[in-house]
Amino acid sequence: MASVSHYLLLVLVFLDSNAAQPSCQPGCTCSEDSFGRTLQCMSISLGKIPRNLLEELKQLRIENSPLYELPRGSFINMSTLEHLWLNFNNITVIHLGALEHLSELKELRLEGNKLRSVPWTAFQATPLLRVLDLKHNRIDALPELALQFLVNLTYLDLSSNRLTVVSKSVFLNWLAYRKQQQPGCGAKTVPILVLALHNNPWLCDCRLRGFVQFVNSISIPVILVNYYLMCQRPLSKAGQLFHETELSACRKPQISTPSASVTVQMGHNVTLRCLAQASPSPTIAWAYPLSMWREFDVLTSSAAEDTALSELVIPAAHLVDRGNYTCVASNSMGRSALVIALHVQPTQAPAAARAPPLPSEGEAYIDLRVVRQTVRGILLEWFVVADGPRDPWFTLYIASDATLRPEVVHIGPGVNTYGLEDLRPSTKYEACLSLEGRPARRGRCVVFVTGRAQGELAELAARERLLHVAVVLSAALLALPVGAYVWAAQAHCRCRPGGLNCCPRRRRGPRCPRAVPQLWDCSYAGHRAPRGDGPGCRDAEGEAHRGGEQDWA
């Protein structure tokens, strides 16, 4: 009887001990040996670190899972954890407080993830960390104070990342931190640090000079896994080993030019050149008064090592292009600027010979452009340079295929934009700008086509059918004798001198036939264009017609 009761007691104790322990994570493997308790989760769909884990867990291994981040407090119940393996997951972000409560952690492996950066101050919560494996990630920077909280580190693997430039101070500071943690001890007692830095795209210019010197003179307590670090950029040093590379000191750009004053005839091409010597290689930009309106091609090439040549090409120079052109070269050490003065001389050659790309009227320069467009509207903007102390008035002509004459708008000084609304969809328009009522000239115009509104497809189809009928009627009229439509001969309309509007509306009737105006000769005598009719219209026989309300055909 005593033996039976003893057996039952053992069973109850066993059941009670199992009930006190949490169950293993589904899909994972739990084990316990002399090393301690271990949890392994391999190739399962695990999006975050499990919370209800074994007590006094010593090792956690999660690999090949969709785990993409380590948020704050991820290991809140794992204060006894010493080894954490999170290899070959999709971790892209480690939050600043992710490693809290891991004061006993000695090994952290994050191989094969997608980390671009590491919150190095987070290692303040892991003072006993000795092994940090970060290989095969996307880390592209290593701050100078990255290792300040890793004084007990003995193995750091940053191989196969995207490091291009590293300061030698990163490791010199680390050695200084370690000595501070061991007061009164000699340098020989400092633990050895094994460092892996190979297979990174090193940029061998002046910024890497100190690190290259450190690697070439490295000695205990730092040991490199692979001493054959290789340059990948620039092309002149690609493939060279660190111990074969000589790098110059960094310096700010020094700029020179073949000529600081350039003179060119109007209508001729001109090229401004700027030569910059700097280390690292500089970037060059140009600044000039009309940079917002006239964009010129800039060609930059490498003339020699640490030397860049920039050429600004001005085709068919105009008088408005004259002025100072500033070449600005900059790099990480500073910037320098050089001014080149461009002088454009007018020429007496005929306009057809020099063919300037932009029209001119005296000393005037006009640049008209479209800055915004919708289905039924458009916004025009212009830039004008003209001689004279005062701001000029402008006259804007808007014409389309659907109208017989252009709309004329007079705009006061100080305005450089104009918006058009309620335009016809799917219609070609032409907008021209002139100074103070002068006739618009070719080259000062912009042509645009409005979009097609979805709700007007039926209207457009009807217009196409109407156009088809018009074509049929035109074919029929061509078969009539010539005398049947002599009355439809075209006549020129001209405004009288002093008139306020272009080509007044023609009266319905045979004496002013429907014909497309062939010439506009307008003048402007006020600040606003009247909406009424002009003084009269002359037909082909020279007879003048006057009237009140007249209609356009």
Side-chain angles (χ1 to χ4, degrees), residues 25-28 39-53 57 59-153 155-167 170 173-174 195-203:
Q25 185 74 16
C28 301
L39 174 64
Q40 294 187 7
C41 302
M42 311 294 288
S43 303
I44 65 172
S45 181
L46 195 62
K48 61 181 180 179
I49 303 295
R51 291 301 181 97
N52 187 22
L53 297 178
L57 190 65
Q59 180 173 344
L60 175 62
R61 186 173 182 179
I62 301 175
E63 296 183 358
N64 297 308
S65 73
L67 187 66
Y68 67 93
E69 70 171 339
L70 297 180
R72 186 183 186 93
S74 297
F75 308 96
I76 192 170
N77 295 324
M78 306 182 196
S79 59
T80 61
L81 194 65
E82 296 182 1
H83 303 271
L84 178 58
W85 290 24
L86 299 174
N87 299 322
F88 308 110
N89 298 302
N90 293 317
I91 300 176
T92 58
V93 177
I94 299 178
H95 293 268
L96 190 60
L99 303 180
E100 291 179 350
H101 311 288
L102 294 179
S103 58
E104 300 295 324
L105 190 66
K106 298 178 181 178
E107 180 182 12
L108 175 59
R109 296 186 181 272
L110 292 162
E111 177 185 356
N113 283 279
K114 299 178 181 179
L115 291 170
R116 293 184 179 272
S117 62
V118 176
W120 298 98
T121 56
F123 294 110
Q124 190 173 5
T126 60
L128 302 181
L129 191 64
R130 300 189 178 210
V131 175
L132 179 58
D133 187 355
L134 296 169
K135 61 176 171 285
H136 291 288
N137 276 275
R138 303 174 183 178
I139 301 172
D140 56 5
L142 193 61
E144 289 191 5
L145 302 179
L147 307 181
Q148 61 177 326
F149 299 117
L150 295 169
V151 293
N152 291 314
L153 204 63
Y155 180 81
L156 175 61
D157 196 338
L158 289 166
S159 61
S160 301
N161 275 275
R162 298 180 181 178
L163 295 173
T164 56
V165 176
V166 172
S167 172
V170 176
N173 291 337
W174 176 79
L195 186 61
L197 293 170
H198 51 280
N199 293 337
N200 279 284
W202 298 110
L203 175 58

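The model shown is predicted, which means the values in this text are computed figures rather than measured ones. Quick note: residue numbers are just sequence positions, from 1.
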I need the Gln124 CD to Glu100 CD distance, nearest 0.5 Å. 10.0 Å

Please check this pair: side chain of Asp157 against backbone of Ser159, looking for a donor-acceptor N/O pair closer than 3.5 Å. yes

Between Arg109 and Glu107, does any NZ, NE, NH1 or NH2 come within less than 4.0 Å of an OD or OE carboxylate oxygen? yes

Take Asp140 and Arg138, measure what salt bridge (Lys or Arg N to Asp or Glu O under 4.0 Å) needs, and give me the verdict at the end. CA-CA 6 Å; Asp140 56 5; Arg138 303 174 183 178; over 6 Å; no

Between CD on residue Glu82 and CG on residue Leu105, distance to nearest 0.5 Å: 8.5 Å

Roughly how far, to the nearest 0.5 Å, is CZ of Phe75 from CG of Leu57? 10.5 Å

Could you walk me through whether Val170 and Leu147 pass side-chain contact (heavy atoms from CB on, under 4.5 Å), step by step? CA-CA 7 Å; Val170 176; Leu147 307 181; 4.2 Å; yes

When rounded to the nearest 0.5 angstrom, what distance separates OG1 in Thr126 from NE2 in His101? 13.5 Å

If I take atom CG from residue Asn89 and atom OG from residue Ser65, how far apart are they, to the nearest 0.5 angstrom? 3.5 Å

How about CZ on Arg130, more than 12 heavy atoms from neighbouring residues, nucleotides or ligands closer than 6.0 Å, or not? no

Out of Arg61, Glu111, Glu63, which residue meets the side-chain hydrogen bond (donor to acceptor under 3.5 Å, both in side chains) rule with Asn87? Glu63

Verify, without hydrogens or angle tests, whether Trp85 (side chain) and Gln40 (backbone) share a donor-acceptor contact under 3.5 angstrom. no

